[in-house]
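Computed over heavy atoms, backbone and side chain alike; hydrogens, waters and symmetry mates excluded. Every value quoted in this text rests on a predicted model; they were computed, and no experiment measured them.
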Amino acid sequence: HGAELADDLERLVTLHDASTIAAVIVEPIAGSTGVLIPPKGVVTRMSSNILAVTDVKIARALRYIWEHFPEPLSLAVVARESGLNRRALERGFREHLGRSVLYEITRVRIERAKVLLVESDLKAYQVAEQCGFAGIVAFSKVFLRLTGLRPSDFRKRNRADKLGGA
């Protein structure tokens with residue numbers, strides 16, 4: 001039944017403008033815990049971050065992160081916006097997503113950075129600023145830790161792939 005739900009969700013997203021969808025809330029069906037549609041490709045657009053979560057407040061927190069990632073975000077801010085206390089929010093993220101709130105914030109920022117590195121001519125420090133990082137040093141360290149590449153190497157490799165190069 002989960003595969004059918006995923007297919008239905010994918011059809012829905014195809015029919016509608018997915019650029020405005022941050023989270024999809026699915027009612028629990030016979031004990032279902034939701035369906036994850038993984039992002040496709042190396043560079044994820046925000047619109048392909050489609051996630052079905054059965055907990056409305058966790059979905060609200062995800063939407064807030066995805067819409068406000070360039071801003072200074074903390075566990076306390078996301079908790080306030082979702083209507084949960086920090087402990088419940090963190091527990092909900094681990095239960096529904098298998099990761100922490102702060103990791104999700106960082107992951108979303110890095111995914112957006114990947115898009116900007118490949119599709120724009122922005123300097124790395126400009127990408128860092130637009131993605132909510134405090135500076136180029138922090139951005140570069142986090143980018144390397146999560147992707148295994150420096151931002152400049154990621155840009156070179158993925159632009160070459162995009163152009164049909166090596």
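Between Leu117 and Lys114 the shortest side-chain heavy-atom distance does not fall below 4.5 Å. At least one side-chain heavy atom of Ser100 sits under 4.5 Å from a side-chain heavy atom of Glu90. Proximity of Ile65 to Phe93: side-chain heavy atoms (C-beta onward) are separated by under 4.5 Å at one or more points.
How far CD of Glu95 is from CG of Asp55: 7.5 Å, rounded to the nearest 0.5 Å. Rounded to the nearest 0.5 angstrom, Asn158 CG and Glu119 CD are separated by 10.5 Å.
Without hydrogens or angle criteria, Ser82 side chain to Ala79 main chain gives a donor-acceptor distance under 3.5 Å. Remark: side-chain polar atoms of Arg86 are not paired, donor with acceptor, to backbone N or O of Ala76 under 3.5 angstrom. Distance alone, capped at 3.5 Å, is enough to place a donor-acceptor pair between the Arg109 side chain and the Phe69 backbone.
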Could you go step by step and tell me if Ser120 and Arg155 meet the side chain to side chain contact (heavy atoms under 4.5 Å, CB included) rule?
CA-CA 10 Å; Ser120 79; Arg155 173 177 267 167; 4.0 Å; yes
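Shown here are the side chain to side chain donor-acceptor pair (under 3.5 Å) partners of Asp153, two or more places apart in sequence or in another chain: Arg150. Listed by chain and residue number, Trp66, Arg99, Arg107 satisfy the side chain to side chain donor-acceptor pair (under 3.5 Å) test with Glu104 (two or more places apart in sequence, or in another chain).
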Which pairs would a plain distance check flag for residues 132-148, meaning a side-chain donor or acceptor within less than 3.5 Å of a matching protein atom at least two apart in sequence or in another chain?
unit_1: Ser140; atom_1: OG; unit_2: Ile136; atom_2: O; d: 2.9
unit_1: Thr147; atom_1: OG1; unit_2: Phe143; atom_2: O; d: 2.7
unit_1: Thr147; atom_1: OG1; unit_2: Leu149; atom_2: N; d: 3.1
unit_1: Thr147; atom_1: OG1; unit_2: Leu149; atom_2: O; d: 3.1

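Ion pairing between a basic and an acidic side chain is recognised when a charged N comes within 4.0 Å of a carboxylate O; Arg159 and Asp121 show such pairing.
Checking Leu73, Leu89, Ile58, Thr106 one by one against Val101, the side-chain contact (heavy atoms from CB on, under 4.5 Å) holds for a single residue, Leu89.
The nearest pair of heavy atoms linking Cys131 to Leu116 is SG-CD1, 3.8 Å.
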